[in-house]
Amino acid sequence: MQREGSPDRKAPDGKATVAQDGAGRGTWWDRFGHLFGRGAPLRRQVLILLALALLPGAAYAGLVAHSAYLADQERVRVDLRHRAEAAASRERDIVLGAEQVAKVLALTPNLLDDPALCAETLARVRDGFSDYHAVLASDAAGGVICAAPAPGRVPPPSVSSRPWFQSLMSQGRPTRAAAPTPLAEGEAAMIIAVPIPGPEGQSIGAVALVPKLENGLILDEQEASAEGAYLLLDSKGEVLPGTTENGLLPEGGVPAAPRALGGTPLVFTGTGQDGVDRIYALTTLPRGSVGVLFSQPEESTLDWVRRDMVNRLIGPFAMLLFTLAVTWVAMDRLVLHWLGRLRRTARVYARGAFDHRPALAEAPQEIQELGSTLNRMADTIQHREQELEENLHRREILLKEIHHRVKNNLQVVSSLLSLQHRGLPEGAAKVALMQAQTRINALATVHRNLYVTDDPTLVDLGVFSQELAQLTHDGLGAASRNIRLETNMEPDVKVNGDQAVPLALILTETMSNSIKHAFPQGSVPPVSGNVIRIILARLARPTGGQVGPLFTHELIMEDNGVGLVGEGERPPESGFGGVRGARGLGATLIPSLARQAGGKAETSARPGGGTRVRVLFNEATQSPPPFRAVTDP
């Protein structure tokens with residue numbers, strides 16, 4: 001459909017093309033049309049259509065895989081948070097238990113009044129809970145009244161300078177702190193302390209428990225796998241003293257540690273100090289200044305997630321490729337293979353070998369039906385061809401017979417005219433009969449040449465003109481008057497019967513006129529003698545009028561006689577005024593005959609003396625050769 005404002009243009013071959021609007025609009029469209037338009041291979045069109053049909057499903061599978069990948073990532077993060085929270089819950093239980101023990105001890109009557117009783121009470125607690133490094137009690141000034149340390153550890157004499165003690169005494173409520181243990185410098189520790197209430201509600205001392213820390217955790221066993229590890233952090237995000245972290249902390253420290261330690265679990269990614277990309281989960285212990293950090297390498301953590309996404313993507317696209325491959329093979333084996341056989345069969349039929357039959361026994365039903373249709377078409381064409389050949393043969397025989405009989409009848413008429421001519425005295429009647437006999441002989445010669453050739457519709461004009469010129473020369477007695485005939489004929493120039501008859505009449509009229517009037521008695525013959533020349537030649541370049549047809553050949557009839565004469569100088573007996581004078585029978589006859597032959601006639605004086613008649617015409621199109629079947633090599 002023509003777009004408004006884009007008029008059609010004419011291409012060099014004359015076909016209309018739609019004007020392209022915009023820069024390069026037609027380029028990609030033409031490429032698409034070449035790839036998938038008319039004339040594109042069937043296999044390519046089917047595969048493109050199938051790919052387009054399956055592409056939405058593949059794209060949807062990709063979106064589902066991506067969504068599942070994001071969901072799996074979130075599940076991994078949740079799992080890491082849960083693992084950190086699980087570890088923190090175990091730590092929390094120990095801390096809360098230690099806090100309850102400390103509260104019970106703080107409510108023991110007269111705990112600080114009797115150091116021996118105090119030491120015995122704390123020793124029983126220490127023996128009952130092996131998870132503690134030490135249990136101690138101090139007065140309000142921070143002096144240690146009694147203590148129950150683990151074997152090999154010595155309690156300090158005072159804790160008054162410890163930040164946790166100062167915070168405890170100033171706030172009057174339980175506290176937890178990550179600080180160097182008062183029992184051994186450089187050893188990881190966490191202090192759990194509660195105030196000892198006095199009679200009037202003031203704090204008169206403190207009870208503190210020091211849980212054991214194994215590789216950063218209070219538990220005896222490290223809750224970690226080969227791919228991950230737990231760490232205890234203080235409120236600043238730093239590892240407790242004595243903890244082996246082996247470069248597990250992220251570069252630049254733990255982000256948002258205060259917020260996480262404030263109670264909000266945090267999952268984040270980062271590069272560890274050992275250069276490994278990791279996923280971290282951070283949670284806090286109750287009320288306090290201690291947090292649990294779990295870290296695991298990102299590659300191993302998300303490896304199954306990536307594999308799962310790849311598997312989800314590979315499946316649909318593998319099915320897409322498999323479907324295209326199966327379609328390719330199916331198209332080739334079920335359609336294109338058999339179409340190739342049909343195409344080869346059609347080529348054989350085009351060469352005329354209609355006996356060939358394609359082998360389609362194993363082809364699909366539709367292909368077999370198409371092959372059967374081609375076979376029936378070949379049988380019909382072969383049968384019709386035989387009928388046409390027989391009819392053509394009969395036509396050729398009949399046509400030759402007609403030409404033969406016409407030639408015989410014309411010869412009979414010529415013989416009658418010859419008898420009549422001999423019985424007449426000299427005069428106009430005898431001349432008229434002679435001219436009529438000459439014309440009839442020309443017609444008889446045409447028909448004789450038509451029935452002796454292989455193609456009864458064409459005549460070799462060179463052979464025919466040579467024969468007719470000689471007959472006319474001899475029949476009009478030119479030899480007795482010393483008029484010599486010269487011919488120069490282009491070989492193998494074919495004309496049909498409708499051209500041969502008027503050209504024959506032109507030749508006889510022109511020669512008759514030249515023999516009778518070009519060399520009158522008493523005239524001095526040229527040095528070369530009296531000559532009539534007939535020339536048949538192919539034009540070097542087709543010629544014609546501005547609006548008329550172009551002509552390919554010329555037939556020239558000329559003599560070296562007296563040339564053209566005026567109307568008043570024409571002898572009274574001249575019957576060919578078209579050549580010798582301005583008017584007469586020839587003036588009307590020759591141009592009319594030339595037009596019947598599809599050409600035109602030109603009469604002029606011959607250079608050097610004499611007269612020239614030139615007829616321009618076109619060679620007839622030869623009939624196609626008899627049909628012969630050619631088998632496929």
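Taking each heavy atom of P56 and A53 in turn, the nearest pair found is CD-O, 3.4 Å. Annotation for F551 and G598: closest pair CE2-O, 3.3 Å, computed over non-hydrogen atoms. When every heavy atom of Q368 is checked against every heavy atom of A363, the shortest pair comes out as NE2-O, 2.8 Å. Scanning both residues, L324 and A51, for their nearest heavy atoms gives CD2-N, 4.1 Å. Heavy atoms only, all atoms of each residue included: V459 and A500 are closest at CG2-CB, 4.3 Å. For the pair P591 and A601, the tightest heavy-atom approach, listed with the atom from each and the gap, is CA-CB, 4.5 Å.
Using a 4.5 Å heavy-atom cutoff, the side chains of R481 and N530 are not in contact. Annotation: side chain of P358 is in contact with side chain of N375 (closest heavy-atom distance under 4.5 Å). Looking only at side-chain heavy atoms (C-beta outward), L342 and L360 come within less than 4.5 Å of each other. Annotation: side chain of L54 is in contact with side chain of T323 (closest heavy-atom distance under 4.5 Å).
Counting only distance, with no hydrogens or angles, the side chain of Q499 and the backbone of N496 share a donor-acceptor pair below 3.5 Å. The main-chain N or O of G371 is never found under 3.5 Å from a side-chain atom of W338 such that the two would form a donor-acceptor pair. When atom types are taken as modelled, the side chain of E619 and the backbone of K494 share a donor-acceptor pair closer than 3.5 angstrom. Counting only distance, with no hydrogens or angles, the side chain of D559 and the backbone of T611 share a donor-acceptor pair below 3.5 Å. T508 places a side-chain N or O within 3.5 Å of a backbone atom of L505 that can act as its donor or acceptor partner. A donor-acceptor pair under 3.5 Å links the side-chain atoms of N618 to the main chain of L550, judged by distance alone. For D332 (side chain) and W328 (main-chain N/O), no donor-acceptor pair under 3.5 Å exists by modelled atom type.
The CD1 atom of I534 lies 10.0 Å from the CD1 atom of I556; values are rounded to the nearest 0.5 Å. Note that CG of N488 and OG of S465 are 12.0 Å apart. Values are rounded to the nearest 0.5 Å. Note: L55 CG to I48 CD1 = 12.5 Å, rounded to the nearest 0.5 Å. In this structure, CG on D460 lies 10.5 Å from CD on E490, to the nearest 0.5 angstrom. Between the CD1 atom in I506 and the CG atom in L593 there is a gap of 5.0 Å [rounded to 0.5 Å]. Annotation: the span from T345 atom OG1 to L339 atom CG amounts to 11.0 Å, rounded to 0.5 Å.
Scanning for salt bridge (Lys or Arg N to Asp or Glu O under 4.0 Å) contacts around D498 gives an empty result, with sequence neighbours left out. Partners of A504 by side chain to side chain contact (heavy atoms under 4.5 Å, CB included), not counting sequence neighbours, listed by chain and number: A442, V446, F464, L468. Applying the salt bridge (Lys or Arg N to Asp or Glu O under 4.0 Å) test to R595 and every residue at least two apart in sequence or in another chain returns nothing. Among residues two or more places apart in sequence or in another chain, the side chain to side chain contact (heavy atoms under 4.5 Å, CB included) test is passed with M377 by Y349, L374, I381. The side chain to side chain contact (heavy atoms under 4.5 Å, CB included) check on H473 picks up Q470, A478, A479, L485, M511, with sequence neighbours excluded. In terms of the ring-ring contact (aromatic ring centres under 6.0 Å, His included) criterion, residue partners of H553 (sequence neighbours excluded) are, by chain and number, F617. The ring-ring contact (aromatic ring centres under 6.0 Å, His included) check on F519 picks up nothing, with sequence neighbours excluded. Applying the side chain to side chain donor-acceptor pair (under 3.5 Å) test to E554 and every residue at least two apart in sequence or in another chain returns R614. Residues forming a side chain to side chain donor-acceptor pair (under 3.5 Å) with R533 (at least two apart in sequence, or on another chain): E486, E558. Applying the side chain to side chain donor-acceptor pair (under 3.5 Å) criterion to T487, with sequence neighbours excluded, gives Q466. With sequence neighbours excluded, no residue satisfies side chain to side chain donor-acceptor pair (under 3.5 Å) with H337.
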### Task
Evaluate side-chain contact (heavy atoms from CB on, under 4.5 Å) for V531 paired with I483, printing each intermediate quantity in order.
CA-CA 6 Å; V531 177; I483 301 175; over 6 Å; no

### Message
Between R341 and I367, is the side-chain contact (heavy atoms from CB on, under 4.5 Å) condition met? List the steps.
### Response
CA-CA 10 Å; R341 289 195 178 185; I367 300 296; over 6 Å; no

### Task
Start with the C-alpha gap between L536 and L461, add the side-chain angles, then the distance that decides, and say whether side-chain contact (heavy atoms from CB on, under 4.5 Å) holds.
CA-CA 8 Å; L536 174 62; L461 185 59; 3.8 Å; yes

### Task
Give the C-alpha distance, both sets of side-chain angles, the deciding distance and a yes or no for side-chain contact (heavy atoms from CB on, under 4.5 Å) between V495 and L458.
CA-CA 5 Å; V495 293; L458 297 179; over 6 Å; no

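Pairs passing the salt bridge (charged side-chain N to carboxylate O under 4.0 Å, His left out) check and including a residue from residues 352-377, sequence neighbours excluded, read R357-D379.
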